[in-house]
Novice: 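Take a look at the following structure, please.
Note that the structure is a prediction, hence the values are computed from the model and not measured.
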Amino acid sequence: MLNLSSAGGSGNYIRFSPQANAWTNNLGEEIQLKKVVFDINDVQTGWLELGVGVRNWQPDAALGKKGPQPSPESRRGFIIKFYNKELGLVEWSSNGVGSNMSLEKLYLDCAAQQAANAGKLPVLEYTGSKLEKIGKGTTRIPAFTIISWIDRPAGMDAEGADHSAPFNAPTPAPVAPPAPAKSAMAAAVADDEMF
């Protein structure tokens with residue numbers, strides 16, 4: 001459906017490294033990806049060339065409508081946006097096979113539920129990655145679970161989002177004695193505070 005199966009960004013972004021099985025931010029620091037809101041209405045597919053100091057993006061004229069390959073180094077890829085208060089609005093772009101497979105599944109899963117959640121965006125939880133043999137090599141496919149649908153958070157809009165601020169890991173809070181177990185309602189409220 002998204003046509004990603006073919007064998008210079010700036011700002012606030014995250015990357016998934018299959019070799020390290022880790023997410024990093026635009027400062028190259030490893031992060032723990034938590035629950036995020038996925039902007040399913042702003043998915044872009046196209047040709048992406050990535051290299052040391054090189055990022056060339058040629059978007060498709062329409063989602064999944066493959067245009068001519070601009071260079072031999074360009075591979076099918078995507079750009080999507082995630083958001084939570086800790087990360088801010090971040091871009092995830094990739095032309096890796098595992099990441100493309102991940103987005104293809106994620107997009108289809110979300111699209112299947114979108115009509116029943118009109119006007120809302122999916123909240124995802126990163127659940128790890130799956131090692132998979134592809135051709136003569138292996139890759140990791142990031143996995144996400146849709147946990148709910150919510151109204152678009154204000155922080156995802158241009159007025160409410162700081163697109164220029166780099167993600168900085170939060171300062172660790174002082175260690176406090178363990179709190180009593182939270183009820184399901186209290187846990188849901190805590191999740192809402194993420195967005």
Novice: Counting distance only, does the side-chain N/O of Ser94 pair as donor-acceptor with the main-chain N or O of Ser99 below 3.5 Å?
Specialist: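 No, the answer is negative, given that no donor and acceptor are paired below the 3.5 Å cut-off.
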Novice: Within a strict 4.5 Å, meaning less than it, do heavy atoms of the Ser148 and Ile146 side chains meet?
Specialist: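 Side-chain contact under 4.5 Å: no.
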Novice: Taking atom CG of Leu106 and atom OG of Ser102, what is their separation to the nearest 0.5 Å?
Specialist: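 If I round to the nearest 0.5 Å, the distance is 6.0 Å.
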Novice: Which value, rounded to the nearest 0.5 Å, describes the distance between Glu91 atom CD and Phe82 atom CZ?
Specialist: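 The distance works out to 11.5 Å.
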Novice: Taking the side chain as C-beta and beyond, is there a heavy-atom pair between Met156 and Asp39 under 4.5 Å?
Specialist: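 With C-beta onward as the side chain, the pair touches.
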Novice: Quick one: closest heavy-atom pair of Pro153 and Tyr83, and the distance?
Specialist: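 Heavy atoms only, the tightest pair is CB-CE2, 3.7 Å.
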Novice: Just by modelled atom types, is the Lys35 backbone N or O under 3.5 Å from a matching donor or acceptor in the Asn84 side chain?
Specialist: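 Looks like yes, one N/O pair under 3.5 Å.
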Novice: Residues two or more places apart in sequence or in another chain: which of them pass ring pair (Phe, Tyr, Trp, His ring centres under 6.0 Å) with Tyr126?
Specialist: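 Partners of Tyr126 by the ring pair (Phe, Tyr, Trp, His ring centres under 6.0 Å) criterion, ordered by chain and then number, come out as Trp23, Phe144.
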Novice: Within 45° of the ring axis of Trp47 and under 6.0 Å from its six-membered ring centre, is that where the NZ or CZ of Arg75 lies?
Specialist: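 No, Arg75 and Trp47 do not form such a contact.
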Novice: With the side chain counted from C-beta on, respond yes when Val90 and Lys81 share a heavy-atom pair under 4.5 Å apart, and no when they do not.
Specialist: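 No, their side chains stay 4.5 Å or more apart.
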Novice: State, yes or no, whether a side-chain contact exists between Phe16 and Asn21 at a heavy-atom distance under 4.5 Å.
Specialist: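 Contact flag for Phe16/Asn21 side chains = yes.
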Novice: For the CG atom of Asp42 and the CD1 atom of Ile80, what is their distance to the nearest 0.5 Å?
Specialist: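 So the CG of Asp42 and the CD1 of Ile80 are separated by 10.0 Å.
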Novice: Would you say the side chain of Ser74 lies within less than 4.5 Å of the side chain of Trp57, judging by non-hydrogen atoms?
Specialist: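 No - every pair of side-chain heavy atoms lies 4.5 Å or more apart.
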Novice: Quick one: side-chain hydrogen bond (donor to acceptor under 3.5 Å, both in side chains) pairs with a partner in residues 109-123, sequence neighbours left out?
Specialist: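 For residues 109-123, and leaving out neighbouring residues, the side-chain hydrogen bond (donor to acceptor under 3.5 Å, both in side chains) pairs sorted by first residue read Asn41-Gln114, Lys105-Asp109, Gln113-Trp149, Lys120-Asp151.
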Novice: So which heavy atom on Gly98 is nearest to which on Ile141, and how close?
Specialist: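 Scanning both residues, the minimum pair turns out to be O-CG2, 3.7 Å.
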Novice: Between Lys65 and Asp60, is there a salt bridge with N-O shorter than 4.0 Å?
Specialist: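 The answer is no: the pair does not qualify as a salt bridge.
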Novice: Quick check: does any side chain N or O of Thr45 sit under 3.5 Å from a backbone N or O of Gly64, one acting as donor and the other as acceptor?
Specialist: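 Judged by distance alone, yes, a pair lies under 3.5 Å.
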Novice: Is a donor on one side and an acceptor on the other found under 3.5 Å between the side chain of Thr145 and the backbone of Ile147?
Specialist: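 No: the side chain of Thr145 does not pair with the backbone of Ile147.
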Novice: At what distance, to the nearest 0.5 angstrom, does CG of Asn25 lie from CD1 of Ile14?
Specialist: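 Between Asn25 CG and Ile14 CD1, I get 9.5 Å after rounding to 0.5 Å.
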Novice: So if you build clusters from Ile, Leu, Val, Met, Phe, Trp, Tyr with side-chain heavy-atom gaps below 4.5 Å, do Met101 and Leu131 land together?
Specialist: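 They do not share one cluster, since no chain of ILVMFWY contacts under 4.5 Å joins Met101 to Leu131.
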Novice: So Thr24 and Glu29, do their side chains get closer than 4.5 Å, heavy atoms only?
Specialist: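 They are not in side-chain contact.
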Novice: Look only at the side chain of Asn12 and the backbone of Leu87, and say whether a donor-acceptor pair between them is shorter than 3.5 Å.
Specialist: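 Such a contact is found between Asn12 side chain and Leu87 backbone.
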Novice: Are Val123 and Val36 packed together at the side-chain level, in the sense that at least one heavy-atom pair is separated by less than 4.5 angstrom?
Specialist: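 No - every pair of side-chain heavy atoms lies 4.5 Å or more apart.
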Novice: Apply salt bridge (charged side-chain N to carboxylate O under 4.0 Å, His left out) to Lys34 and Glu86, showing your working.
Specialist: CA-CA 9 Å; Lys34 300 175 185 174; Glu86 183 180 322; 3.2 Å; yes
